[in-house]
Chemist: 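Handing you a structure now.
Bear in mind that the values here come from a model prediction, so they are computed numbers and not experimental data.
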Protein chains: 2
Amino acid sequence: MTKAERTRQFIVEKTAPLFNTKGYDGTSLADLTEATGLTKGALYGNFADKDEIAEAAFHYSMKKVKALMKQEMESVKTYKQRLQALLSFFARYVNKPPVAGGCPLLNTAIEADDHRTSMRRVVTKELMATIDFIASQLEGGVKAGEFISTIKPRELAYVFFCSVEGALMFSRVERSNEPMEIVVKHCKKILDQISQ
Amino acid sequence: MTKAERTRQFIVEKTAPLFNTKGYDGTSLADLTEATGLTKGALYGNFADKDEIAEAAFHYSMKKVKALMKQEMESVKTYKQRLQALLSFFARYVNKPPVAGGCPLLNTAIEADDHRTSMRRVVTKELMATIDFIASQLEGGVKAGEFISTIKPRELAYVFFCSVEGALMFSRVERSNEPMEIVVKHCKKILDQISQ
DNA sequence: TACAAAATATACCGATTGGTATATTTTAAC
DNA sequence: GTTAAAATATACCAATCGGTATATTTTGTA
């Protein structure tokens with residue numbers, strides 16, 4: 001890892017929580033220099049502009065979230081247990097987010113949906129990948145005989161993911177676990193219902 | 001209605017879509033003067049600062065959304081039909097939002113959760129009111145004998161609302177109705193399951 | 001340890017930010 | 001129609017915005 005690569009990594013690690021907390025528009029270059037202890041010269045020597053830092057920060061946040069998520073899931077064996085672990089992971093997201101500021105997917109999607117085209121594409125890609133991942137777990141469970149074969153994995157994946165993301169929004173702004181706990185409980189009950 | 005009141009109303013109507021689309025940080029005073037055709041003098045003659053305009057715009061957006069929602073719901077008779085109408089209302093939200101930019105609750109909650117205290121309080125209040133409203137419809141349905149009495153109205157209200165808000169985020173950034181349609185279908189199926 | 005190259009800091013840029021003091025216009029009551 | 005008050009426009013403010021040219025320092029290599 002060259003010096004430049006290390007500095008890029010350092011900048012991204014220090015600024016990712018900032019972008020995730022205050023948003024792209026809400027994060028200034030002064031915020032970035034303060035968080036890193038570096039000057040604009042160093043920032044612009046390693047990145048083309050603020051957009052490039054924000055995008056790298058988003059990718060870093062997503063990588064971190066996914067790594068933690070998968071780590072949690074691979075500690076158990078069955079597909080059902082893995083999906084339960086995934087739901088528990090999100091439940092703990094409220095009080096202990098892997099990256100400060102909550103879910104980078106949710107935050108970035110909301111800020112980017114109307115007026116930030118390139119970021120929108122990046123988020124869309126990650127969202128689709130997430131649905132594919134959850135759906136693949138459900139499909140695996142069906143093939144393994146854990147879940148009844150009449151379920152629609154893709155649709156159920158959307159239901160799980162959307163309800164958890166909505167609960168995350170609610171719980172974070174409300175500073176209360178209640179919405180998330182209720183939603184996760186409901187999702188786990190669905191998992192029980194489709195088990196055989 | 002005095003001139004001042006009319007102007008305040010005019011400013012709020014013209015700027016609400018702007019705040020809802022670009023967010024508080026993303027909306028500048030130049031944006032506001034352009035959207036209204038007024039000058040800063042007029043803006044600051046009627047509002048103390050940008051924050052006050054944003055808050056008034058949020059309240060206006062919420063009023064508009066709730067009015068449309070309730071209008072849609074009161075065209076049918078049973079509690080089940082009303083809840084179905086509410087879900088259909090959200091489903092159409094994706095392509096035809098009452099206020100440009102999507103759901104003001106979702107947008108404002110995400111931007112305000114970490115670093116805008118006063119707005120957070122306002123959003124929290126509206127979120128709680130929404131859950132109370134949905135829960136009251138479910139309770140009404142139970143008392144009227146439409147729904148089985150074993151349901152937990154408040155928990156179900158959270159599930160409905162959170163999943164729809166999550167789907168709204170997804171569908172908006174993806175520019176596709178699919179996530180919302182899947183989620184709404186699922187919610188309506190729950191309504192069928194708890195019906196008697 | 002000398003030295004070229006790479007990385008970072010410094011000092012600056014014009015544009016835009018939210019906000020205000022004051023001049024001008026419009027409004028509404030008489 | 002006159003006039004005081006209310007509302008709006010104009011012109012300005014310091015601060016901050018994202019970004020850059022250049023000077024200085026640090027790095028890795030011979």
Chemist: Using the ring of each side chain (for Trp, its six-membered ring), is B:Tyr24 parallel, tilted or perpendicular to B:Phe19, with breaks at 30° and 60°?
Modeler: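 Parallel: the ring planes of B:Tyr24 and B:Phe19 meet at under 30°.
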Chemist: Rounded to whole Å, how long is the line connecting atom CZ of B:Phe10 with atom C1' of D:dT8?
Modeler: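 Atom CZ in B:Phe10 sits about 13 Å away from atom C1' in D:dT8.
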Chemist: Once you apply a heavy-atom cut-off of 4.0 Å, does A:Thr36 come out as touching a base, just sugar-phosphate, or nothing?
Modeler: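 Nothing: the residue A:Thr36, judged by heavy atoms under 4.0 Å, touches no strand.
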Chemist: Is the phosphate of C:dG19, meaning OP1 or OP2, less than 4.0 Å from a side-chain N or O of B:Lys40?
Modeler: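 Result: no.
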Chemist: Take A:Gly41 and B:Gly45, find for each the nucleotide of DNA chain D with the closest heavy atom, and name the residue whose nucleotide sits nearer the 5' end.
Modeler: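 Between the two, 5'-proximity favours B:Gly45.
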Chemist: I want to check one thing: is the phosphate of D:dT20, taken as OP1 and OP2, less than 4.0 Å away from some side-chain N or O of A:Tyr44?
Modeler: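 No.
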Chemist: Could you give the CG-to-P distance, from B:Leu32 to C:dT16, as a whole number of Å?
Modeler: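 B:Leu32 atom CG is separated from C:dT16 atom P by 16 Å.
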Chemist: From C:dA9, D:dA9, C:dG19, pick the nucleotide closest to the side chain of B:Thr39?
Modeler: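 So the side chain of B:Thr39 is nearest to D:dA9.
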Chemist: Can you tell me the distance, in whole Å, between the NZ atom of B:Lys50 and the C1' atom of C:dT16?
Modeler: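 After rounding, the reported distance stands at 12 Å.
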Chemist: For B:Arg8, report the nucleic acid contact type (base, sugar-phosphate, nothing); a contact means any heavy atom under 4.0 Å.
Modeler: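 Here B:Arg8 touches no strand at all.
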Chemist: Do any side-chain nitrogens or oxygens of B:Asn46 fall under 4.0 Å of OP1 or OP2 in D:dT8?
Modeler: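 Answer is yes, contact under 4.0 Å.
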Chemist: Looking at every heavy atom in both A:Val173 and B:Arg120, which two are closest together, and how far apart are they?
Modeler: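 In this case the closest contact between A:Val173 and B:Arg120 is O-NE, 2.9 Å.
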Chemist: Starting from P on D:dG18, measure out to CG on B:Asp25 and report it in whole angstrom.
Modeler: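 Going from B:Asp25 (CG) to D:dG18 (P), I get 11 Å.
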Chemist: Less than 3.5 Å apart, any donor N or O on the side chain of A:Ser195 or A:Asp192 sitting next to an acceptor on the other?
Modeler: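 Distance-only check fails for A:Ser195 and A:Asp192.
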Chemist: Rounded to the nearest angstrom, tell me the gap between atom CZ in A:Phe47 and atom P in D:dT20.
Modeler: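 To the nearest whole Å, that distance equals 15 Å.
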Chemist: Can you figure out which of C:dT8, D:dG18, C:dG18 approaches the side chain of B:Leu29 most closely?
Modeler: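 Closest of the options to the side chain of B:Leu29: C:dG18.
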Chemist: Once you round it to whole Å, what is the distance between P of C:dT8 and CD of A:Glu5?
Modeler: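 Interatomic distance, CD of A:Glu5 to P of C:dT8: 13 Å.
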Chemist: Of the listed nucleotides (C:dG19, D:dG19, C:dA9), which one gets closest to any side-chain atom of A:Ala42?
Modeler: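 Selected nucleotide (nearest to the side chain): C:dA9.
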Chemist: Please tell me if A:Arg6 has a side-chain N or O lying less than 4.0 Å from either OP1 or OP2 of D:dT27.
Modeler: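 So the side-chain polar atoms of A:Arg6 never come under 4.0 Å of the phosphate oxygens OP1 or OP2 of D:dT27.
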Chemist: Strictly by modelled atom types, are B:Glu13 and B:Gln9 linked by a side-chain donor-acceptor pair under 3.5 Å?
Modeler: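 Present: a donor and an acceptor within the cut-off.
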Chemist: Would you mind telling me which of D:dA9, C:dG19, C:dT8 lies closest to the side-chain atoms of A:Thr7?
Modeler: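 Of D:dA9, C:dG19, C:dT8, C:dT8 is nearest to the side chain of A:Thr7.
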Chemist: What is the distance, rounded to the nearest whole Å, between atom CG of A:Leu43 and atom P of D:dG19?
Modeler: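 Going from CG in A:Leu43 over to P in D:dG19 covers 11 Å.
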Chemist: Once you round it to whole Å, what is the distance between C1' of C:dT10 and CG of A:Leu38?
Modeler: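 Rounded to whole Å, this separation is 14 Å.
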Chemist: Identify the heavy atoms of B:Lys77 and B:Arg82 that sit nearest to each other, and give their distance.
Modeler: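 Shortest heavy-atom contact: O-NH1, 3.1 Å.
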